[in-house]
Amino acid sequence: MSNNENNHNEKSESIKEFGAVTSFSGKHKIYCLTIIGEIEGHNVLPEQSKTTKYEHIIPQLVAVEESQEIEGLLVILNTVGGDVEAGLAIAELISGMKKPTVSFVLGGGHSIGVPLAVSAKKSFIAPSATMTVHPVRTNGLVIGVPQMFNHFAKMQERITNFVARNSKISKESFTSLMMNTGEMVTDVGSVLSGERAVETGLIDSIGTLSDVLEGLYKLIEETDKESCYGNKKEKQ
């Protein structure tokens, strides 16, 4: 079997198992990671559910950050949300990377998908995509005591602080969207179109795949320039 065939098989297996692929044939060497369906955390979801497993994502992010070949990371999101702590853990990892990172909301970036979308250094959303902003929810038995409500409030504060820290939206504006009672029939929150997500400052730009790639390439080239300039200063 030739090297080309081996590389093709490896890429196909990577896409099938992890929803990720490394592209070395374009302008720059990038890693494309998809976060789709529901984000699976500590509990295993039913087999018929389309899921993204956080134990698959975390080592991939570490490998990308440590790689000497990969120049940038593209995160494509089409998620309904899922496990809050798992989603926030992935978002924290992406936001802490030194490598150029770009996110692209395609279809939907709902619930905990919002922190994931803003975690990259540059965020894009497709014109037809939407994002749902709402308070933290839980399934199953809830004990109606003050301690439980305090726990939810603290968890929500962590998410709000992260979003405000990694986007152009203020904590007050995000909270207002999250607690809106006039938009969703059976729930509290807001559904943002691509244009509205940009207007609020939640997402940086509306774009297509070509815009997203161009944005990532630009970040990579700016990072390379800064690195070269820093090296020159050290030598002087």
Minimal heavy-atom distance between Val105 and Ala117, with the atoms involved, is CG2-CB, 3.7 Å
Charged N-O contact under 4.0 Å between Arg196 and Glu183: yes
Please list every donor-acceptor pair under 3.5 Å in which a side-chain atom of residues 80-92 meets a protein atom from a residue at least two apart or in another chain.
{"from": "Asp83", "atom 1": "OD1", "to": "Glu85", "atom 2": "N", "distance (Å)": "3.2"}
{"from": "Asp83", "atom 1": "OD1", "to": "Ala86", "atom 2": "N", "distance (Å)": "2.8"}

Carefully, step by step, assess Met178 and Ile159 under the rule side chain to side chain contact (heavy atoms under 4.5 Å, CB included). CA-CA 11 Å; Met178 185 175 63; Ile159 294 170; over 6 Å; no
Heavy-atom pair with the smallest gap, counting every atom of Thr200 and Leu192: OG1-CD1, 4.4 Å
Going from CG on Leu45 to CG on Asn43, what distance comes out if it is rounded to the nearest 0.5 angstrom? 7.5 Å
Once you round to the nearest 0.5 Å, how far does CG of Leu106 lie from CD1 of Ile36? 11.0 Å
Are Ile30 and Val212 linked, directly or through other ILVMFWY residues, by side chains that come within less than 4.5 angstrom of each other? yes
OG (Ser103) and CG (Leu116) are apart, to the nearest 0.5 Å, by 9.0 Å
Rounded to the nearest 0.5 Å, what's the gap from NZ on Lys218 to OG1 on Thr223? Could you check? 12.0 Å
Member of Lys29, His28, Lys99 meeting the side-chain hydrogen bond (donor to acceptor under 3.5 Å, both in side chains) criterion with Glu71: His28
Please give me the minimum heavy-atom distance between Gly113 and Thr79, naming the atom from each residue. CA-CG2, 3.9 Å
Please check if the side chain of Ser176 supplies one atom and the backbone of Glu172 the other of a donor-acceptor pair under 3.5 Å. no
